[in-house]
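FYI, the numbering just counts along the sequence from 1.
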Amino acid sequence: MATTATQQTSSGGARVRVQQFGRMLSGMVMPNIGAFIAWGLITALFIPTGWYPNESLAALVDPMIKYLLPLLIGYTGGQMVHGKRGGVIGAVVTMGVIVGSSIPMFLGAMLVGPLAGWVLKQFDKAVDGKIKAGFEMLVNNFSLGIIGGLLSVGALKGIGPLVEGLTNILSNGVEFLVNHNLLPLINIIIEPAKVLFLNNAINHGVLGPIALEQSQRVGKSILFMLESNPGPGLGILLAYWLVGKGSAKSSAPGAIIIHFLGGIHEIYFPYILMNPRLILAVIGGGVSGTFTFQMLGAGLVASPSPGSIFAYFAMTPKGGYLPMLAGVIVATVVSFALAALLLKTVKKNDEEEMDIEEAAAKVKDMKSAGTAAQTAATATTVAANVRTKANVNKIVFACDAGMGSSAMGASVLRKKLQSAGVNITVVNSAVSEIPADADIVVTQKTLTDRAIAVNPNAEHISIDNFLKSPKYDELVERLK
């Protein structure tokens with residue numbers, strides 16, 4: 001038993017570290033997705049092969065991808081570590097890797113932005129309380145300038161060429177997979193990782209930088225479509241709608257709209273977790289969809305974020321709609337067929353008419369990041385901080401990126417509170433940015449420990465499905 005507990009602790013700790021690392025990578029990109037979409041639209045419209053070729057307007061494409069986007073990533077990475085000062089030095093040092101390389105430095109910005117913020121943070125800690133009155137601004141400005149200048153020179157001469165070499169190696173690896181028709185096999189890794197809530201890390205932290213470099217060279221990239229393809233998830237939800245049972249069947253139509261049209265892929269993860277065998281269906285859908293994309297030469301000009309079919313249409317280059325739609329449809333059909341077959345073969349004694357929250361809880365150990373002791377500690381903390389109506393002014397929904405599933409959950413609870421005549425502020429945020437004045441924090445089970453670490457004074461509520469949870473009604477009744 002001790003060995004098992006130790007193994008669980010090691011596994012859970014490793015999973016938390018991977019999720020945190022992934023959160024850091026995606027956290028540098030997600031706030032800047034609007035800028036990436038702007039670049040993608042300008043590229044799709046005005047380059048020589050675009051919808052409305054215009055040499056003058058196309059001049060925006062190269063500076064945006066080489067300078068604007070990496071600088072935004074570097075600033076955001078530094079800000080995540082050390083606030084505005086970290087953001088400024090992150091942008092300064094990112095300029096070093098940009099000049100030190102001949103390719104877009106997205107990976108370089110992800111590396112030096114947080115690193116520069118961390119170095120400045122250590123300096124500020126070392127001199128805290130030791131600066132004579134009246135010299136604070138002088139020291140702050142010159143310390144940032146001197147440290148930023150030195151780090152940017154180091155980035156120019158060392159990190160820039162190193163990251164360029166690494167990027168070339170990764171790009172060559174992708175080219176090898178493409179040339180040998182092996183790219184679809186990547187989905188065997190991507191689809192299970194998505195269900196463990198690593199989707200943003202994979203898409204924006206790993207595939208995105210390589211895809212953008214490829215898009216700049218050839219005008220499109222299939223790598224944008226590996227993780228974001230809405231087809232596999234749509235097939236799962238269609239199968240639950242048509243051959244499923246209980247509350248999962250009744251909630252599937254709404255989930256389809258949110259997933260396929262809204263682009264919130266997290267909505268279908270609990271449907272897989274309630275029947276883990278369905279991971280085979282999304283793997284089949286992902287592999288077949290990517291194979292179709294590759295055979296027909298599909299690609300997008302920029303990241304479709306969120307992964308909505310509308311975003312797919314917006315980011316598809318001229319003449320690429322048929323290959324794009326074919327890949328999405330094939331992925332949907334294969335995923336649906338496999339999921340329907342697996343759902344029909346579920347034994348009744350295994351199913352037991354569980355609703356989606358109960359079933360997701362049954363398999364929560366698949367993605368649980370804590371041990372039994374940590375769970376007990378979490379329960380103690382939650383129980384100790386239960387709030388009443390008199391001392392609840394703000395409820396915060398938190399998810400990994402703070403933009404998708406948490407916004408959806410906040411909207412659902414907000415409507416329930418308004419219908420009950422309860423006037424309480426309900427907002428959403430990233431789990432690492434939960435505001436200090438939050439009275440109640442609602443997260444998915446895998447993120448609760450991280451949420452408590454950020455704001456231990458709030459009441460924390462763990463749920464499995466942001467779209468539908470019985471705890472919403474319980475909370476509304478308590479706050480009436």
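- Judged purely by atom type and a 3.5 angstrom limit, Lys66 has no side-chain atom pairing as donor or acceptor with the backbone of Ile98.
- The shortest distance between side-chain heavy atoms of Val442 and Ile395 falls below 4.5 Å.
- Annotation: side chain of Val426 is in contact with side chain of Phe397 (closest heavy-atom distance under 4.5 Å).
- With hydrogens and angles ignored, the 3.5 Å screen pairs no side-chain donor or acceptor of Ser215 with any backbone N or O of Ala211.
- Of the possible donor and acceptor atoms, one in the side chain of Ser228 sits under 3.5 Å from a partner among the backbone N and O of Phe224.
- Using a 4.5 Å heavy-atom cutoff, the side chains of Leu138 and Ile131 are not in contact.
- The closest side-chain heavy-atom distance from Val282 to Ile272 is below 4.5 Å.
- Shown here are the ring-ring contact (aromatic ring centres under 6.0 Å, His included) partners of His259, two or more places apart in sequence or in another chain: His265, Tyr268.
- How far NZ of Lys415 is from CD of Gln418: 9.0 Å, rounded to the nearest 0.5 Å.
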Side chain to side chain contact (heavy atoms under 4.5 Å, CB included) between Leu150 and Val153, intermediate numbers included | CA-CA 5 Å; Leu150 291 174; Val153 171; 5.9 Å; no
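- Between Asp437 and Lys394, the closest heavy-atom pair is OD2-NZ, 3.1 Å.
- Although no hydrogens or angles enter the test, the distance criterion places a donor-acceptor pair under 3.5 Å between the side chain of Asn455 and the main chain of Pro435.
- Taking CD1 of Ile452 as the start and CD of Glu459 as the end, the distance is 11.0 Å to the nearest 0.5 Å.
- Separation of atoms CD1 (Ile424) and CG (Leu479) is listed at 4.5 Å; rounding is to 0.5 Å.
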Take Ile440 and Val392 through the side chain to side chain contact (heavy atoms under 4.5 Å, CB included) test and state the conclusion after the steps.
-> CA-CA 7 Å; Ile440 296 177; Val392 174; 3.9 Å; yes
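- Here the closest non-hydrogen pair linking Glu191 and Pro232 is OE2-CG, 4.3 Å.
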Can Leu475 and Arg478 be said to form a side chain to side chain contact (heavy atoms under 4.5 Å, CB included), step by step?
-> CA-CA 5 Å; Leu475 182 59; Arg478 194 208 322 163; 3.6 Å; yes
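- How far CG of Asn54 is from CZ of Phe46: 6.5 Å, rounded to the nearest 0.5 Å.
- Looking at Cys399 and Asn428, their side chains never come closer than 4.5 Å, going by heavy atoms from C-beta outward.
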Passes side chain to side chain contact (heavy atoms under 4.5 Å, CB included), Asn32 versus Tyr75? Steps please.
-> CA-CA 10 Å; Asn32 301 306; Tyr75 179 89; over 6 Å; no
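- Of all heavy-atom pairs spanning Ala398 and Leu447, the tightest one is O-CD1, 4.4 Å.
- Across Val81 and Gly117, no two heavy atoms sit closer than the pair CG1-C, 3.8 Å.
- The side-chain heavy atoms of Leu111 and Val97, taken from C-beta on, include no pair separated by under 4.5 Å.
- Listed for the Asn187 side chain is no donor-acceptor partner under 3.5 Å among the backbone atoms of Ile283.
- Heavy atoms only, all atoms of each residue included: Ile236 and Tyr271 are closest at CG2-CB, 4.3 Å.
- Considering only heavy atoms from C-beta on, Thr425 stays 4.5 Å or farther from Asn393 through its side chain.
- The shortest non-hydrogen separation linking Gln294 to Pro184 is OE1-CD, 3.2 Å.
- Rounded to the nearest 0.5 Å, atoms OG1 (Thr94) and CG (Leu115) are 10.0 Å apart.
- Between Phe293 and Tyr312, the ring planes lie tilted relative to each other; the angle falls in the 30° to 60° range.
- Note that OG1 of Thr290 is 7.0 Å distant from CD1 of Ile190, once rounded to the nearest 0.5 Å.
- A 4.5 Å side-chain heavy-atom check between Ile73 and Met110 finds at least one atom pair inside the cut-off.
- No more than 12 heavy atoms of other residues, nucleotides or ligands shown are found within 6.0 angstrom of OH on Tyr52.
- A side chain to side chain donor-acceptor pair (under 3.5 Å) check over residues 139-151, counting only residues at least two apart or in different chains, returns the pairs Arg85-Ser143.
- In terms of the side chain to side chain contact (heavy atoms under 4.5 Å, CB included) criterion, residue partners of Ala451 (sequence neighbours excluded) are, by chain and number, Val431, Ile434, Val441, Thr443, His460.
- Other residues, nucleotides and ligands place no more than 12 heavy atoms under 6.0 Å from the NZ atom of Lys157.
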